[in-house]
Amino acid sequence: MLELILETLIKAAIIVGLPLGSIPIILVVERRGAGFMQKRLGPNRVGPFGLMQPLADVFKFLFKEEVEPSHVRPFFYTIAPLIALVVAVMPLAVIPVAAPFDFNGKTIFPEVFHTDLGIFFAFAVSALGSYGILVAGWASNNKFSMLGALRACAQMVSYELSLTTAIVAMIFLYGSNDIHSIVAEQTGYWFGFLPKWGFFVQPVAAVLFLVGIFAESNRLPFDLAEGESELVAGYHIEYSSIKFAIFFMAEYVHMLVLSGLFIILFFGGYSLLPGMELLVGDSALMLTIMQVLSFIIKISLMVWFFVWVRWTLPRFRYDQLMMLGWERLLPLGIFNLIITVLVVHFRNH
Amino acid sequence: MSIYYYLSAFLFCLGLLGTIYKKDLISILLCLELMLGGVALLFVLFSRATGFLDAQLQVFFIMIISACEVAIGLSMIISLYRKKNTVYTDELKIISE
Amino acid sequence: MMFVDVLLTVLTVAFALLTVFSKKTVISAFALLMTLVCIGGIYYQLGSVFLSAIQVLVNAGAVAILFVFVMMLIDLEKYPNNTERSKIKLIITVLTSLVSLGVLALIINNNIDTITVVNLSDSSMKALFDRLFTQYYIPFELATVLLLAAVVAVVVIANNNKQHPGKE
Amino acid sequence: MTISKVLGFKRTLVRKMDIYESGVNPSGSATRQYDVKYYLTAILFLLFDVDLVFLLPWALGYQNAQDQTFMIYGFLFFMAILLVGYIFVINSNSLKWEE
C-alpha cells in the first residue's frame with residue numbers, strides 16, 4: 001500500500017509540477033509572440049531574450065501589497081482563487097503522457113489516477129470550472145465583478161453543450177473511454193504518410209472542440225468576461241497580487257488541460273509523430289521518452305496556436321457570442337453527431 | 001460500508017427538516033434536492049449489497065427527474081417572484097389576489 | 001481503507017448541516033454543491049464509477065449553477081433573513097425529523113447483517129450499459145420526452161414573464 | 001483525485017504572503033437584480049446537458065450491442081426529440097440578447 005502511495009505522489013509531483021512550472025514559459029511565449037506579431041520586440045530587457053521576465057513578474061506578484069478591500073466577504077474572497085486552481089489542476093491527474101510501461105516488473109500507468117472512467121473524469125471535473133469564477137464574482141460583492149462573473153459563466157456553460165456533442169461523437173468513433181485505447185486507436189497510418197489521427201477522421205468535431213476550448217477557458221476572442229475595455233477585468237476586479245496571480249495561473253492550467261484533451265482526442269495523444277519511429281530503437285525506455293517528447297511538442301504547438309489566435313481575432317460582442325454558441329455551434333454539433341453515427345452504422349453493416 | 005446507510009438516512013431527515021424549517025422558497029427547493037441525494041445513495045447501496053444492477057440505473061432516472069424538477073420549480077419561483085415580488089413563504093400566505 | 005469512508009461521511013454531514021442551518025441562502029447553495037460532490041465521491045467509493053461522474057457532472061455541475069444564478073437574480077439580502085422563526089416551530093421540526101431518523105435507523109439496525117453482505121456482481125460500466133439498453137430501453141426514450149416537456153414548460157413560463165413582467 | 005488536490009493546495013499556501021493594507025475600491029456595490037436571460041440559459045443548459053449526458057452510455061453501449069439496428073432506431077428517436085426541443089427553444093427566441 002505504501003509503495004502505491006509513494007508512486008502516486010511521485011507521479012503527482014511530476015504531472016502537476018510540469019504545467020505549473022511551465023506557466024512562466026508560456027507567459028514569455030505569449031508576450032514575445034504578441035510582440036513578434038505586431039512587429040515590435042517583446043520583453044527582452046530582463047535576462048537573455050527576456051527569458052527571466054516571467055520570474056521578475058512572479059516576484060513582483062509575490063511582493064506587491066495584498067490589498068484586502070473592506071466590504072468583501074473574507075472567507076469566500078480567499079477561497080475563490082483556490083477553488084479555481086484546484087478545479088483546474090484536478091483533470092491533470094487523468095491525462096497520460098506516455099503508454100503504460102513496466103518498471104522493474106510492474107506496469108506503471110503514466111497518469112496519476114487510473115480509473116476506468118478515463119476521459120469522463122476530466123469532463124466531470126472541468127464542469128465544475130465555472131464555480132471559481134462565480135464565487136469570486138459573488139465574494140467581491142461589487143456590481144461589475146458580479147456581472148462579469150455571470151456573463152463568464154453563461155458563456156462557459158453554453159459552450160460546454162457543443163463541447164459535449166463533439167465528445168460524444170468522438171467517443172462513439174473510438175468506442176471506449178479509456179484514454180490508452182483511444183490513443184492506440186490513433187496510432188498507425190493510412191496510405192503510408194497520413195497518421196490516423198482523429199482530426200482527419202472527424203474534422204467537424206475537431207473544429208467544434210477547438211472553439212469550445214477557446215470559449216471554455218475565456219481566451220480571446222471569447223474573453224468578454226474580463227474584457228479590459230468593458231468590465232475592467234470582470235470578476236477578478238477586487239483581487240490583488242497573489243490572488244490575482246493564482247487566478248491567472250488557474251486560467252493557464254485550465255487552458256493546458258483542455259488543449260491536452262484536444263490532443264488526446266484529435267491528435268493522437270502520445271502517439272509518435274511521423275518522423276519519430278526511426279529514432280526509437282527497440283528499447284522500451286526510448287519509446288517512452290519519445291512518446292513524452294511527442295506529447296510535449298504537440299502541447300507547445302497548441303500553446304503557440306492560442307497565442308497566434310489571441311492576437312489576430314477581434315473580440316466578439318456578447319450577443320454575437322451567445323448567438324454563435326446556441327444557434328450555430330449546437331446544431332452543427334447535433335447534426336455532426338447524427339451523421340457520424342449513421343456513417344459508422346452503415347459502414348458496419 | 002455500513003456507515004453509508006446511516007448517512008443516507010441522515011441526509012433524508014436533514015432534507016426533511018430543512019424543507020419544513022426554511023422560510024424562503026429557494027432553500028426549500030435546495031433541501032428537497034438534499035432528500036433526493038439521500039434516497040439515490042440508498043439505491044446505490046442496495047444495488048451493491050444485493051448485486052441487483054438495475055438499482056444503479058434507477059439512480060440515473062432519479063437524477064433526470066430531479067434535474068427537471070429543479071428547472072421547473074425555479075422557473076415557477078421566478079414568475080411568482082415577478083408577481084408577488086417576494087419569495088418568503090409567510091408573506092405568500094394570501095395567495096389569491 | 002476505512003479512513004476514506006469516514007472522511008467522506010464526515011464531509012457530507014458537515015456540508016449538509018451547513019446547507020440547512022446557514023443564515024445566507026447563497027452559502028447554503030454552495031454547501032449543497034459540496035454535498036453533491038461528496039456524494040459523487042461516495043459513489044466512486046462504492047464502485048459505481050460511471051454514476052459518480054454523472055452525479056458530479058449533472059447535479060453538481062448544472063443544478064447547483066442554476067441555484068446560484070437564481071439566487072443572484074432574486075436579491076434576498078433586502079428581506080428579513082429567515083431565522084426569527086418562533087422557537088416552538090423549530091423544536092417541532094427538529095422533533096419530527098429526529099423521530100423519522102430514529103425509525104430509519106431502527107430499520108437499518110435490525111437487519112444490518114443482511115444488507116452489508118457485498119456480493120458485488122460485475123458492476124463494471126460495460127455490464128451496466130448493456131443492461132441499460134436491453135431491458136431499460138423504454139425509460140431511456142421516455143427520459144427525453146420528459147426533458148422535452150420540461151423545456152417547453154420552462155420556455156412558456158419564461159415567455160409569459162416577458163409579456164407582463166413585474167418590477168424588473 | 002485527492003492527491004492532486006492536496007498537492008495543488010499545498011503549493012498555494014506556501015506562496016501566500018499577506019502584507020495587509022486596506023485600499024479604496026472603485027464603484028459602490030449592491031447586489032442588484034440581473035437580467036432574466038442568465039437564468040434562462042442556465043436552465044436550458046441543464047436540460048440539454050442531461051440529454052447529452054445520456055448519450056455517453058449509449059455511445060459505449062453501441063459497441064457490444066447485439067442488434068445494433070435496434071440501437072440506431074432508439075438513437076434516432078432520441079435525437080428527434082432533442083431536436084424538437086431545440087427548435088422550439090430557437091423559434092421562441094427567448095434566448096435573444098438584445099444588448
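Throughout, protein chains are lettered first and strands after them, A, B, ... in sequence-line order, and every chain is numbered starting at 1.
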Item to complete: Could you look at Tyr73(D) and say if it's the side chain, the backbone, both or neither that has a heavy atom under 4.5 Å from chain C?
Response: neither
Practice prompt. State yes or no: are the ring centers of Tyr137(C) and Phe70(D) separated by less than 6.0 Å?
Written response: yes
Worksheet, complete the sentence: Under 4.5 Å to a heavy atom of chain D? For Val63(C) that would be both
Discussion item. What I'd like to find out is whether the side chain of Met34(C) reaches to under 4.5 Å of the side chain of Leu11(C), using heavy atoms alone.
Written reply: no
Practice prompt. Please collect all ring-ring contact (aromatic ring centres under 6.0 Å, His included) contacts where either partner lies in residues 17-42 of chain C, sequence neighbours excluded, each pair once.
Written response: Phe76(A)-Phe30(C)
Please set out all donor-acceptor pairs under 3.5 angstrom arising from side-chain atoms of residues 148-155 of chain C, sequence neighbours excluded.
none

Discussion item. According to side chain to side chain donor-acceptor pair (under 3.5 Å), who are the partners of Asn59(C), at least two apart in sequence or on a separate chain?
Written reply: Gln55(C)
Fill in: Check against side chain to side chain contact (heavy atoms under 4.5 Å, CB included), Val89(D) and Phe48(D)
CA-CA 11 Å; Val89(D) 163; Phe48(D) 283 117; 4.2 Å; yes
Response to the item:
By residue number, those in residues 80-87 of chain D with heavy atoms under 4.5 Å from heavy atoms of chain C are Ile81(D), Val84(D), Gly85(D)
Worksheet item: When the aromatic ring centroids of Trp58(D) and Phe78(D) are compared, is their separation below 6.0 Å?
Response: no
